[in-house]
Chemist: 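Pasting a structure here, questions to come.
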Amino acid sequence: MSVILTKKGGRTDHKAAARYRWGSPLTYLVALVFIAICLGPVAYIILGGFRSNSQITESPAGFPSPWKFDNYLDVLTGSTFWQEVGNSLIAATATTVGVVVLGLMTSFVIARYRFRGRGALYSLFAAGLMFPMTVAITPLYILIKNLGLMNNLAGVILPQIAFALPVTIIILVPFLRAIPDEIEEAAAIDGAGRFGFFFRMVVPLSIPGVVTTGILAFVASWNSYLLPLFILNDQSTFTLPLGVQAFASEYSVDTARVLAFTSLSMIPALIFFALFQKRIVGGLTGAVKG
Amino acid sequence: MNTSPLTHALPRPRSSNWRQRLEILVFAAPAVVVFVSFVILPVIMAGYYGFFRWKGYGTPSDFVGLDNYFAIFQDSAFHEALIHNGTILILSLVLQGPLAIVLALLLNQKIRGRAVIRILIFVPYVISEVIVGIGWGLLLQTDGAINDFLDSVGLGALKADWLSDPQIAIWSLMVIISWKYIGFAVILFLAGLQSIPEELFEAAAIDGASYWQIQRNITLPLLGPTLRIWAFLSIIGSLQLFDLVYIIWGQYVSSTAGTSTMATYMVANGRDAGSYGFGSAVAVVIFIISLIIALTYQRFVLRRDLAGALTEGEK
């Protein structure tokens with residue numbers, strides 16, 4: 001008898017839970033509209049690349065009919081697109097590695113050492129948040145030119161590392177500070193000096209923070225436009241954002257091809273985001289909370 | 001504070017002063033050198049170059065004192081750019097804030113596919129502003145897809161010169177900016193909401209509080225710190241706006257369309273005009289305006305949040 005009652009109760013709870021889990025229809029409607037708005041322009045860009053210019057002229061808001069693959073094939077088989085992908089990959093990867101290595105080393109000092117200048121060191125980098133690239137761009141251009149790094153990816157990489165350091169350090173310091181003193185003391189007993197402790201314990205334990213800051217630096221570098229605009233004037237050195245804009249200007253009447261190029265330029269960032277979305281979202285929100 | 005027996009038995013070994021200094025130097029010096037060279041130094045250089053009339057070649061030698069600054073503040077084009085930045089700043093807060101809060105509250109319910117929804121609404125934030133500018137620029141052309149769509153659904157009367165009409169262009173820019181950044185705001189607010197203890201809502205519900213009473217007295221106050229951080233990021237972003245405007249309107253059209261910003265003004269009258277002294281002075285002006293607003297905001301709005309953060313940090 002009691003068993004039967006329990007079973008009934010269980011079933012009822014399950015139904016209630018199921019009903020609760022779905023939420024109200026209004027929520028789904030709003031979510032769908034919101035998603036449609038977020039993805040609509042993206043779909044426009046992607047689908048536009050599969051149309052012809054005459055299709056676009058006759059029916060700007062129409063769908064591909066018939067589907068044309070020439071635009072995408074032209075871009076993919078040209079050397080310009082891949083050269084720019086390569087440049088962006090080099091710039092973003094070098095920036096990411098640079099900012100993570102330097103950021104981790106500095107965060108280690110700020111988090112694990114006690115010395116008179118610690119507060120000043122932290123304040124120096126925290127102040128960097130107040131110095132956006134926009135303000136420094138003109139004299140930065142002069143500086144890069146004087147260093148002989150014009151039309152050189154290094155002229156983009158070094159400033160990007162410098163400007164990404166503040167956010168990186170601010171995110172990493174709490175991670176490193178959270179490492180228990182016991183671990184450091186155990187390492188010391190085993191004969192590891194500070195350097196040993198850093199490479200054997202700190203680096204592995206800070207992986208979550210490193211991944212988060214690395215992703216943020218990569219995306220920021222990949223999407224960067226203003227600095228490349230000033231530093232990279234030679235088309236062979238263009239990164240993707242610069243290349244997309246140049247392509248759109250040069251082929252302004254060839255709308256379909258511009259949309260194909262723009263669409264292809266967008267894909268790497270979307271793939272990257274799909275792979276690391278939890279880190280990207282978690283990192284941004286965690287940074288704000290922290 | 002630390003009561004570990006190990007700590008008592010084996011006090012932290014003291015490094016020699018020279019050795020610790022060397023270690024600190026080895027670990028911190030590279031970042032400091034790069035940071036000072038490419039962030040601090042250029043900002044100082046901007047201050048210096050701003051006092052010269054200079055084409056950017058050789059050493060600046062034509063000292064003009066504050067002439068560049070007088071020219072900036074007398075230029076009606078700069079006044080317009082400043083007003084545009086102010087408009088963008090206020091509209092961003094007023095339009096995106098409430099909408100993002102409502103969306104976050106809705107999406108915070110336990111619904112199926114929440115993870116997928118979160119991914120999809122973040123897409124605009126991930127895409128480069130250059131791509132956003134090109135895509136939206138084509139969509140909003142007078143003979144573009146938006147007007148064509150309005151025609152096809154019988155709303156032809158709403159068609160407009162979204163990009164070139166000075167009365168409308170600033171609003172088009174606001175739509176694009178909101179599209180680009182509202183997903184980020186929603187995600188941020190969702191994170192803030194999820195950090196509010198569930199028990200508070202349950203206790204309030206037991207006491208018979210209505211949905212709106214709960215939102216007003218529990219949700220919004222506890223979401224306060226997150227809201228204020230978001231507002232700060234939005235304000236700074238609005239003051240620095242360049243890419244979107246430059247891509248869609250270009251350096252010349254943006255002023256006639258009524259969407260020029262201080263940053264596009266700086267590039268158009270500095271680099272593009274070959275006047276690097278003047279451009280540097282504009283950069284200094286932008287920096288000082290941003291700094292004043294940021295410090296004022298921190299002083300009067302964020303102070304409580306920062307104090308709390310520091311206190312927690314100490315514990």
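Model, not experiment: these values are computed from the prediction. Each chain gets a letter, A, B and so on, in the order the sequences are listed, and its residues count up from 1.
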Chemist: To the nearest 0.5 Å, how far apart are CG in A:Leu39 and CD1 in B:Ile121?
Modeler: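 Between A:Leu39 CG and B:Ile121 CD1, I get 10.5 Å after rounding to 0.5 Å.
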Chemist: Go through the atoms of A:Leu259 and report whether side chain, backbone, both or neither lie under 4.5 Å from a heavy atom of chain B.
Modeler: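 The side chain, not the backbone.
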Chemist: Top residue by heavy-atom pair count (under 4.5 Å) with chain B, among A:Ser107, A:Ala269, A:Ala136, A:Pro241?
Modeler: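 It is A:Pro241.
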Chemist: Please walk me through it: do A:Thr106 and B:Val32 pass side chain to side chain contact (heavy atoms under 4.5 Å, CB included)?
Modeler: CA-CA 8 Å; A:Thr106 305; B:Val32 172; 5.5 Å; no
Chemist: Quick one: what part of A:Ser59 sits under 4.5 Å from any heavy atom of chain B, side chain, backbone, both or neither?
Modeler: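 For A:Ser59, backbone and side chain are both near chain B.
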Chemist: Look at A:Ile35, A:Val135, A:Thr255 and state which one has the largest set of heavy-atom pairs under 4.5 Å with chain B.
Modeler: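 Among the listed options, the one with the most contacts to chain B is A:Val135.
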Chemist: Quick one: of A:Thr262, A:Ile110, A:Asn223, A:Ile37, who has the most non-hydrogen atom pairs under 4.5 Å with chain B?
Modeler: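 Most heavy-atom pairs under 4.5 Å with chain B: A:Asn223.
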Chemist: Report the option among B:Tyr276, B:Phe149, B:Phe232, B:Trp136 that has the most heavy-atom pairs separated by less than 4.5 Å from atoms of chain A.
Modeler: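 The option with the most such pairs is B:Tyr276.
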Chemist: Checking A:Leu229 against B:Arg271 for the side chain to side chain contact (heavy atoms under 4.5 Å, CB included) test, could you report, in this order, the C-alpha distance in whole Å, the side-chain angles of both residues, the deciding distance, and whether it holds?
Modeler: CA-CA 11 Å; A:Leu229 176 69; B:Arg271 169 190 183 253; 4.1 Å; yes
Chemist: Among A:Leu226, A:Val219, A:Val101, which residue forms the greatest number of heavy-atom pairs with chain B at distances under 4.5 Å?
Modeler: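 Result: the option with the highest number of such pairs is A:Leu226.
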Chemist: Give, as side chain, backbone, both or neither, the part of A:Val244 having an atom under 4.5 angstrom from any heavy atom of chain B.
Modeler: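 Both parts, heavy atoms under 4.5 Å.
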Chemist: Would you check if B:Ser128 and A:Trp222 make a side-chain contact, meaning some heavy-atom pair closer than 4.5 Å?
Modeler: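 They are not in contact (no side-chain heavy atoms under 4.5 Å apart), so the answer is no.
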Chemist: Between chain A and each of B:Glu129, B:Met262, B:Met45, count heavy-atom pairs under 4.5 Å; write down the option with the most.
Modeler: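 Most heavy-atom pairs within the cutoff with chain A belong to B:Met45.
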Chemist: Would you please classify the geometry between the B:Phe242 ring and the A:Tyr225 ring as parallel, tilted or perpendicular, with 30° and 60° separating the classes?
Modeler: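 Because their plane-to-plane angle is under 30°, the rings of A:Tyr225 and B:Phe242 count as parallel.
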Chemist: Between A:Leu121 and chain B, with a heavy-atom cut-off of 4.5 Å, which part of the residue counts as in contact: side chain, backbone, both or neither?
Modeler: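 Contact with chain B: side chain only.
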Chemist: Is B:Val285 in contact with chain A via its backbone, its side chain, both, or neither, using a 4.5 Å heavy-atom distance?
Modeler: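 Neither part; nothing is under 4.5 Å.
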Chemist: Report the relative orientation of the aromatic rings in B:Phe35 and A:Phe125; use parallel for angles under 30°, tilted for 30 to 60°, perpendicular for over 60°.
Modeler: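 Because their plane-to-plane angle lies in the 30° to 60° range, the rings of B:Phe35 and A:Phe125 count as tilted.
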Chemist: What distance separates A:Thr138 OG1 from B:Trp54 CH2, expressed to the nearest 0.5 Å?
Modeler: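 Reported value, rounded in 0.5 Å steps: 10.0 Å.
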Chemist: Does any heavy atom of chain B fall under 4.5 Å from the side chain of A:Val99, the backbone, both, or neither of them?
Modeler: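 A:Val99 has no heavy atom closer than 4.5 Å to chain B.
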Chemist: On the six-membered ring of A:Phe115, is B:Arg21 placed so that its NZ or CZ lies under 6.0 angstrom from the centre and within 45° of the ring axis?
Modeler: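 Ring-cation test returns no.
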Chemist: For A:Leu165, which atoms come within 4.5 Å of any heavy atom of chain B: side chain, backbone, both, or neither?
Modeler: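 Contact with chain B involves the side chain of A:Leu165 alone.
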Chemist: Would you say the rings of A:Phe273 and B:Phe122 are close, in the sense that their centroids are separated by under 6.0 Å?
Modeler: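 Ring-ring flag for B:Phe122/A:Phe273: true, centres closer than 6.0 Å.
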Chemist: When you measure from the side chain of B:Gln20 to the backbone of A:Arg114, do you find a donor-acceptor pair of N or O atoms at a distance under 3.5 Å?
Modeler: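 The answer is yes, because a donor-acceptor pair under 3.5 Å joins these two groups.
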Chemist: Just how far is it from atom CD1 of B:Ile134 to atom OG of A:Ser263, taken to the nearest 0.5 Å?
Modeler: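 That separation rounds to 12.0 Å.
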Chemist: When heavy-atom pairs shorter than 4.5 Å are enumerated against chain A, which of B:Ala283, B:Ala29, B:Ala31, B:Ala28 gives the highest number?
Modeler: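 The option with the most such pairs is B:Ala31.
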Chemist: Would you please test B:Ile247 and A:Gln245 for side chain to side chain contact (heavy atoms under 4.5 Å, CB included) and show each step?
Modeler: CA-CA 7 Å; B:Ile247 292 294; A:Gln245 189 268 331; 3.3 Å; yes
Chemist: With a 4.5 angstrom heavy-atom cut-off, could you sort out which part of A:Ile137 is near chain B: side chain, backbone, both or neither?
Modeler: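 Contact with chain B involves the side chain of A:Ile137 alone.
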Chemist: Heavy-atom pairs under 4.5 Å with chain B - which of A:Ile56, A:Leu124, A:Ile169, A:Val30 has more of them than the others?
Modeler: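 Highest number of heavy-atom pairs under 4.5 Å: A:Leu124.
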Chemist: Knowing that exactly one of B:Ile117, B:Leu106, B:Ile182 qualifies, which makes a side-chain contact (heavy atoms from CB on, under 4.5 Å) with A:Phe34?
Modeler: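 The residue from B:Ile117, B:Leu106, B:Ile182 that satisfies side-chain contact (heavy atoms from CB on, under 4.5 Å) with A:Phe34 turns out to be B:Ile182.
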Chemist: Please classify the contact of A:Leu140 with chain B as side chain, backbone, both or neither, using a heavy-atom distance under 4.5 Å.
Modeler: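 The answer is both parts of A:Leu140.
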Chemist: For A:Val42, which of B:Val132, B:Leu120, B:Ile127 qualifies under side-chain contact (heavy atoms from CB on, under 4.5 Å)?
Modeler: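 Only match with A:Val42 under side-chain contact (heavy atoms from CB on, under 4.5 Å): B:Ile127.
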Chemist: So which residue, B:Leu103, B:Val43, B:Leu107, B:Leu139, ends up with the most heavy-atom pairs under 4.5 Å with chain A?
Modeler: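 Greatest number of close heavy-atom pairs with chain A: B:Leu139.
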Chemist: If you count heavy-atom pairs under 4.5 Å with chain B, which of A:Leu240, A:Ile142, A:Leu32 comes out on top?
Modeler: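 Most heavy-atom pairs within the cutoff with chain B belong to A:Ile142.
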Chemist: For chain A, which of B:Leu291, B:Leu138, B:Val36 has the most heavy-atom pairs under 4.5 Å?
Modeler: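 When all of B:Leu291, B:Leu138, B:Val36 are compared, B:Leu138 has the most.
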Chemist: Taking the side chain as every heavy atom from C-beta outward, state whether A:Pro60 and B:Asn147 have any pair of such atoms under 4.5 Å apart.
Modeler: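 Contact flag for A:Pro60/B:Asn147 side chains = no.
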Chemist: At a 4.5 Å cut-off on heavy atoms, which part of A:Phe163 comes close to chain B: side chain, backbone, both, or neither?
Modeler: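 Contact with chain B involves both backbone and side-chain atoms of A:Phe163.
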Chemist: Enumerate the residue pairs fulfilling side-chain hydrogen bond (donor to acceptor under 3.5 Å, both in side chains) with a member in residues 283-293 of chain B, sequence neighbours excluded, ordered by first and then second residue.
Modeler: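 Matches after skipping sequence neighbours: B:Gln240-B:Ser290.
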Chemist: Go through the atoms of B:Pro124 and report whether side chain, backbone, both or neither lie under 4.5 Å from a heavy atom of chain A.
Modeler: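 The side chain, not the backbone.
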Chemist: Which bit of B:Ser152 is near chain A, if near means a heavy-atom gap under 4.5 Å: side chain, backbone, both or neither?
Modeler: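 Neither; nothing under 4.5 Å.
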Chemist: Looking at B:Val284, B:Ile286, B:Asp243, B:Val282, which has the largest count of heavy-atom pairs under 4.5 Å with chain A?
Modeler: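 Option with the greatest count: B:Asp243.
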Chemist: Check each atom of A:Ile46 against the heavy atoms of chain B and say whether the ones under 4.5 Å are side chain, backbone, both or neither.
Modeler: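 Answer is neither: A:Ile46 stays 4.5 Å or more from chain B.
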Chemist: Given the rule in the side chain to side chain contact (heavy atoms under 4.5 Å, CB included) test, do A:Cys38 and B:Val123 qualify, once you have shown the distances and angles that lead to the verdict?
Modeler: CA-CA 7 Å; A:Cys38 286; B:Val123 166; 5.8 Å; no
Chemist: Heavy-atom distance under 4.5 Å to chain B: side chain of A:Pro159, backbone, both or neither?
Modeler: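 Its backbone and side chain both get close to chain B.
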Chemist: Go through the structure and list residues passing side-chain hydrogen bond (donor to acceptor under 3.5 Å, both in side chains) with A:Asn233, not counting sequence neighbours.
Modeler: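 A:Asn233: no side-chain hydrogen bond (donor to acceptor under 3.5 Å, both in side chains) contacts found.
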Chemist: Could you walk me through whether A:Tyr113 and B:Glu23 pass side-chain hydrogen bond (donor to acceptor under 3.5 Å, both in side chains), step by step?
Modeler: CA-CA 10 Å; A:Tyr113 283 78; B:Glu23 288 172 358; 2.6 Å; yes
Chemist: A:Phe230 versus chain B, heavy atoms under 4.5 Å apart: side chain, backbone, both or neither?
Modeler: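 Both backbone and side chain.
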